[in-house]
Amino acid sequence: MQTDAQPGNGAPYARYVQHLRAGELAYQFSPAAGRAVFFPRVRCPYSGQDCLEWRISAGLGTVYSTSVVYPRKGDPYNVALIDLDEGFRLMSRVVIDDPMQVAIGQRVRFQAASEEGLDDPIPVFAPLEPAQ
């Protein structure tokens with residue numbers, strides 16, 4: 001776990017995006033609740049206090065669930081819930097040639113991705129190992 005040493009009290013989402021642009025997956029930690037908080041916010045959802053600290057994730061996680069989406073136009077892709085080792089879950093996708101090869105329990109690593117039509121980078125994941 002790495003602590004965010006950046007000064008300032010910017011808007012939580014802006015700070016989160018700033019980290020994504022630097023290739024980091026930032027999350028907040030509540031000392032009052034003793035647990036990770038994600039999606040970025042101003043107050044702890046568990047205690048109501050404004051005590052949240054920024055931390056940088058190591059970027060390793062496990063696929064909790066996955067589903068394949070078949071858009072009318074374009075290639076199929078997966079939507080996955082990823083449990084990060086630091087104790088928070090986020091919705092993302094695993095970047096892989098065959099979206100059907102993403103499996104529950106599969107270990108993945110974070111990477112920031114820029115996509116056409118989006119101003120901000122987004123968190124995506126790459127497999128650490130083939131699906132079992």
Side-chain angles (χ1 to χ4, degrees):
M1 178 250 343
Q2 180 183 356
T3 301
D4 173 5
Q6 293 182 349
N9 292 328
Y13 182 74
R15 186 110 173 237
Y16 168 71
V17 169
Q18 183 180 25
H19 281 285
L20 285 176
R21 287 190 175 126
E24 301 171 331
L25 180 57
Y27 67 100
Q28 294 168 302
F29 182 82
S30 170
R35 56 195 289 194
V37 173
F38 189 85
F39 198 76
R41 57 195 77 212
V42 174
R43 294 192 170 273
C44 172
Y46 310 109
S47 70
Q49 298 178 16
D50 62 351
C51 61
L52 298 173
E53 302 170 350
W54 283 95
R55 295 188 177 177
I56 308 301
S57 170
L60 299 175
T62 304
V63 175
Y64 175 80
S65 71
T66 183
S67 181
V68 177
V69 176
Y70 294 88
R72 192 172 284 226
K73 294 182 181 179
D75 295 328
Y77 61 92
N78 73 72
V79 175
L81 291 177
I82 310 294
D83 284 342
L84 276 294
D85 292 352
E86 290 84 5
F88 65 97
R89 179 179 291 161
L90 72 120
M91 184 181 292
S92 183
R93 63 187 161 86
V94 179
V95 179
I96 189 169
D97 289 336
D98 181 359
M100 293 296 292
Q101 294 304 307
V102 178
I104 293 170
Q106 186 173 18
R107 294 289 290 165
V108 292
R109 177 183 304 278
F110 158 80
Q111 55 192 38
S114 296
E115 293 197 352
E116 187 177 332
L118 296 178
D119 294 333
D120 299 327
I122 59 170
V124 297
F125 292 82
L128 282 178
E129 59 202 24
Q132 300 294 325

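Just so it is clear, the model here is predicted, and its values are computed rather than measured.
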request  = Considering only NZ, NE, NH1 and NH2 on the basic side and carboxylate oxygens on the acidic side, decide whether R41 and D50 come within less than 4.0 Å.
outcome  = no

Nearest atoms (heavy-atom pairs only) where [X] meets [Y]:
{"X": "D119", "Y": "R21", "result": "O-NH2, 3.7 Å"}
{"X": "G23", "Y": "A112", "result": "CA-CB, 4.3 Å"}
{"X": "V37", "Y": "Y46", "result": "CG2-CE1, 3.9 Å"}
{"X": "Q111", "Y": "A126", "result": "OE1-CB, 3.8 Å"}
{"X": "E86", "Y": "S57", "result": "OE1-OG, 2.9 Å"}
{"X": "A36", "Y": "F29", "result": "N-CD1, 3.8 Å"}

Are [X] and [Y] side-chain neighbours, meaning at least one heavy-atom pair lies under 4.5 Å?
{"X": "P40", "Y": "R15", "value": "no"}
{"X": "Y70", "Y": "V68", "value": "yes"}
{"X": "F38", "Y": "R89", "value": "no"}
{"X": "L128", "Y": "V108", "value": "no"}
{"X": "F125", "Y": "V102", "value": "no"}
{"X": "D98", "Y": "I96", "value": "no"}
{"X": "P12", "Y": "W54", "value": "yes"}

Working to the nearest 0.5 Å, report the span between [atom1] of [X] and [atom2] of [Y].
{"X": "Q49", "Y": "S30", "atom1": "CD", "atom2": "OG", "answer": "7.0 Å"}
{"X": "L25", "Y": "R55", "atom1": "CG", "atom2": "CZ", "answer": "14.0 Å"}
{"X": "I82", "Y": "Y64", "atom1": "CD1", "atom2": "OH", "answer": "12.5 Å"}
{"X": "I56", "Y": "H19", "atom1": "CD1", "atom2": "NE2", "answer": "4.0 Å"}
{"X": "L20", "Y": "D120", "atom1": "CG", "atom2": "CG", "answer": "8.0 Å"}

request  = Take F39 and Y16 through the test ring-ring contact (aromatic ring centres under 6.0 Å, His included) and record every step on the way to the result.
outcome  = CA-CA 9 Å; F39 198 76; Y16 168 71; 5.6 Å; yes

message = Given 3.5 Å as the limit, does a donor-acceptor pair link the side chain of N78 with the main chain of V94, or not?
response =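 Here the side-chain-to-backbone pair exists.
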
key: R107 and T62: side chain donor to acceptor below 3.5 Å   =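 There is such a pair (donor and acceptor under 3.5 Å, judged by atom type) between the side chains of R107 and T62.
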
request  = Walk me through it: do Y27 and F88 pass the test ring-ring contact (aromatic ring centres under 6.0 Å, His included)?
outcome  = CA-CA 8 Å; Y27 67 100; F88 65 97; 4.8 Å; yes

inquiry  = Applying side-chain contact (heavy atoms from CB on, under 4.5 Å) to L81 and L90, what does each step give before you reach the verdict?
reply    = CA-CA 6 Å; L81 291 177; L90 72 120; over 6 Å; no

inquiry  = If hydrophobic clusters are built by linking Ile, Leu, Val, Met, Phe, Trp and Tyr wherever their side-chain heavy atoms come under 4.5 Å apart, do V17 and L84 end up in the same one?
reply    =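 Yes, V17 and L84 fall within the same hydrophobic cluster.
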
ask   = Hey, mind stepping through M91 and V79 against side-chain contact (heavy atoms from CB on, under 4.5 Å) and telling me if it holds?
value = CA-CA 7 Å; M91 184 181 292; V79 175; 3.8 Å; yes

